[in-house]
Amino acid sequence: MRLKRTVTCGDLTVDNVNQEVILNGWIAKNRDHGGVIFLDLRDRYGKTQVTFNPDLDADIAAEAKRLGMEDVIAVRGTVQLRPDGNVNPNMPTGSIEVVATELEVLNEAQPLPFLVSDRESGSEDLRLEYRYLELRTAELQNLMAIRSKAYQSARSRLNAEGFMEFETPVLMKSSPEGARDYLVPSRIHRGKFYALPQSPQTYKQLLMISGFDKYFQIVKCFRDEDLRADRQPEFTQIDIEMSFVDQDDVLGVATRLARGIFKDILDYDLPETFPTMKYEDAMEKYGSDKPDIRFDLPLVEFANYAEKTEFGVFKDNLAAGGRVKALVLKNAADKYSRKATDGLTEWLRTYYGLKGLAFVKMDQTAFSAGISKFFPEALQAEVISDLKLEHNDILFFVSDTEARTLQSLGALRIELAKRENLIPDGVIKPLFVLDFPLLDWDEDSKRYIAMHHPFTSPNPEDVELMQTAPGDVRAQAYDLVINGYEVAGGSIRIHTGDMQSRMFQLIGMDEAEAQARFGFLLKAFKYGAPPHGGIAFGFDRLIMLLAGTENIRDVIAFPKTTSASSLMDEAPSQVDTQQLKELHIKLVE
């Protein structure tokens, strides 16, 4: 390469007129205007128009004419003002052009599978197959720049608060809890396996025991679980841990970090303190432990009214310990025909297992349609008065088990908000959700499991309930929710061997299993473990919010599909029998 660039394609302005420069980049556009060739040359910094005039050099003009989209070239030339009428106000370099005097073709590109100038010209699968081309698009170049800036923002702000950055092992002991581990067979230790970390949980606790009171790392984590648009099998966390702190200390650090990143990237001022909400209240009011509070549309308790109806489904579910909740959508009944409500019902049945969705509409001063015939006139008047219903309102009902009722109506709340444009643009609403349950009942295994992880400390006020009513114990756990996404989560940790053993017992792990899986941590607790706690930001999800996209694959350079595969390099792939033999592995049908 003889023409090494002296400036980038986004650098040049009118201040550079008459300077000789060398540009390197990709051809974004090639135009022939009466024999004069105009190329838009692009790199990640911008675009510059390059002109090849056959009157100055017919040979390089002819060479430039034959070049195509995405060919990689180097150009030497002189910066000139564009002629009057040819200025492009939409380009930072739109006032100048480079008149070429020398051209070097560095690499010629084959015909493209989709247009780099139009990302939507290819399907998502095609774009993932040629991800290195999609990454050239202006949209993804911008998203990767946002991601890079967020890395730097997080590091600088945590450094300023006195945190030390660590790296913890990627090959670790398997301890599946929640999602499945990705396992790595050992060639040297026959029949034994490492696991890729679902999080650095035990390592950061060991660092607290080691005396490093402020730890962070930006770390890859791996979970073998069912995927969705905002989840990947490998993902990135900003992992934070602190000693000698309480919950408020951790929330304070998380608040300052989130405020700093949003200010650095978007110049958006989040509030100095974030509102808080108890888990139970979030579920009852919004049907979600990660509620989107940018819009009003609360769930309404309807059991007292349901008992007075003549609707058997309500009465049967209440008698069986179920719930009846409602949701009022204002001035929209005329938009929800029987076909539309049937569509919502089928959607909820498919994705949430709901048996049915009921509704009534307000017609002037009384109920109509749906299950209105099951509401006596006096009950209608009571509901209309209490819920302040007006003409053309529609009232949706869900009656099922508690979990299904809340989850389904919470999902319906979000869906209706999207349909009715209730979510304001340009608004960012953070929220801390607190007081999660320590335990969750797993119906399949008939035992309690840790709702977050088994190292989460119970609320000190509820310790006695661990023996008498485990399901009522609150955890010292917390999530940071922004615009309906869980952006960060953490807890105050258990720091004594006795309490950790009690927790293991609650989730059905006997002493032998606890020692086999976590004996190293229990041993460490015996040598002076400080009280500690932390929080981990889902970095990819945070970038989604900063970038304004709803697909996590948009903000990861080389993502996986929802089937955890890479279309570009065809991972996962088969390996040859010799590799398997060295690992002492034999595949079975």
Side-chain angles (χ1 to χ4, degrees), residues 113 123-135 166-204 206 217-237 239 442 444-445 449-450 453-455 507-510 512-521 523 536 538-540 552-553 555-589:
S123 67
E124 184 178 37
D125 281 356
L126 184 65
R127 288 183 276 119
L128 287 175
E129 181 181 351
Y130 294 93
R131 182 64 168 185
Y132 42 86
L133 294 181
E134 187 179 22
L135 284 168
F166 280 85
E167 293 179 351
T168 52
V170 174
L171 297 177
M172 62 178 291
K173 183 182 177 69
S174 176
S175 57
E177 188 66 38
R180 298 179 184 88
D181 280 336
Y182 280 102
L183 298 177
V184 180
S186 171
R187 178 182 60 83
I188 298 172
H189 303 282
R190 181 170 182 169
K192 295 185 178 181
F193 294 80
Y194 302 102
L196 302 181
Q198 295 189 31
S199 83
Q201 181 62 47
T202 54
Y203 289 118
K204 63 190 176 187
L206 290 169
Q217 69 173 321
I218 300 178
V219 59
K220 280 285 189 180
C221 301
F222 307 84
R223 292 178 188 170
D224 186 2
E225 57 189 346
D226 294 335
L227 304 182
R228 59 192 185 208
D230 65 341
R231 182 183 285 169
Q232 282 277 292
E234 54 179 313
F235 56 95
T236 305
Q237 285 185 179
D239 211 48
D442 183 61
D444 294 334
S445 60
I449 59 175
H453 54 64
F455 311 106
I507 61 175
M509 189 184 300
D510 61 27
E513 184 182 359
Q515 285 294 332
R517 291 174 61 179
F518 303 109
F520 64 96
L521 183 62
K523 182 193 294 184
F539 189 71
D540 308 298
I552 206 166
R553 292 187 290 276
V555 299
I556 299 172
F558 298 103
K560 302 292 191 293
T561 67
T562 51
S563 61
S565 63
S566 171
L567 300 179
M568 183 186 67
D569 56 3
E570 299 180 334
S573 61
Q574 293 180 333
V575 297
D576 62 46
T577 54
Q578 182 59 32
Q579 287 178 283
L580 294 176
K581 186 177 180 180
E582 290 174 348
L583 294 169
H584 320 292
I585 291 176
K586 182 178 181 180
L587 299 180
V588 295
E589 293 294 333

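For the numbers below, each heavy atom of this structure counts, side chains included, while hydrogens, waters and symmetry mates do not. The model shown is predicted, which means the values in this text are computed figures rather than measured ones.
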For Glu513 and Asp510 the tightest heavy-atom approach is N-OD1, 2.8 Å
Begin with the C-alpha distance, continue with both residues' side-chain angles, and end with the deciding distance and a verdict on side-chain contact (heavy atoms from CB on, under 4.5 Å) for Phe235 and Ile556. CA-CA 9 Å; Phe235 56 95; Ile556 299 172; 5.9 Å; no
Atom CD of residue position Gln574 - does it have more than 12 heavy atoms of other residues, nucleotides or ligands inside 6.0 Å? no
Thr202 OG1 to Lys173 NZ distance, which is reported to the nearest 0.5 Å: 10.5 Å
Pair Glu124 + Arg553, salt bridge at N-O below 4.0 Å: yes
Any non-hydrogen side-chain atom of Tyr182 less than 4.5 Å from a side-chain atom of Arg223? no
Measure the acute angle between the ring planes of His453 and Phe455, then classify it against the limits of 30° and 60° as parallel, tilted or perpendicular. tilted
Donor-acceptor under 3.5 Å (Asp442 side chain, Ile449 main chain): no
Heavy atoms only: give me the nearest Tyr203-Leu171 pair and the separation to one decimal. OH-O, 4.1 Å
Has Gln578 got more than 12 heavy atoms of other residues, nucleotides or ligands less than 6.0 Å from its CD? yes
Should Val219 and Thr236 be marked as a side-chain contact (heavy atoms from CB on, under 4.5 Å) after you check the CA-CA gap, both sets of side-chain angles, and the distance that decides it? CA-CA 5 Å; Val219 59; Thr236 305; over 6 Å; no
Under the side-chain contact (heavy atoms from CB on, under 4.5 Å) rule, what do Val170 and Tyr194 come out as? Steps first, then yes or no, please. CA-CA 9 Å; Val170 174; Tyr194 302 102; over 6 Å; no
Does a side-chain heavy-atom distance below 4.5 Å link Pro200 with Gln217? yes
CG on Leu128 to OG1 on Thr561, rounded to 0.5 Å: 7.5 Å
Scan side-chain atoms only and decide if Gln237 and Ser199 contain a donor-acceptor pair under the 3.5 Å cut-off. no
Decide, yes or no, whether a salt bridge links Arg231 with Glu225 under the criterion of side-chain N to carboxylate O below 4.0 Å. yes
Full working for side-chain contact (heavy atoms from CB on, under 4.5 Å) between Leu183 and Ser174: CA-CA 8 Å; Leu183 298 177; Ser174 176; 3.9 Å; yes
Side chains of Gln198 and Asp181: any donor to acceptor distance under 3.5 Å? yes
Is any side-chain heavy atom of Phe558 closer than 4.5 Å to a side-chain heavy atom of Asp569? no
I need the minimum non-hydrogen distance between Ala450 and Ile507, along with the two atoms involved. N-CG2, 3.8 Å
Which value, rounded to the nearest 0.5 Å, describes the distance between Met568 atom CE and Glu129 atom CD? 10.5 Å
Output for pair (Lys220 NZ, Asp239 CG), nearest 0.5 Å, gives 14.0 Å
If I take atom CD1 from residue Ile552 and atom CZ from residue Phe539, how far apart are they, to the nearest 0.5 angstrom? 11.0 Å
When rounded to the nearest 0.5 angstrom, what is the spacing between CG in Leu587 and OG1 in Thr577? 10.0 Å
Close side-chain approach of Glu234 to Lys560, heavy-atom, < 4.5 Å: yes
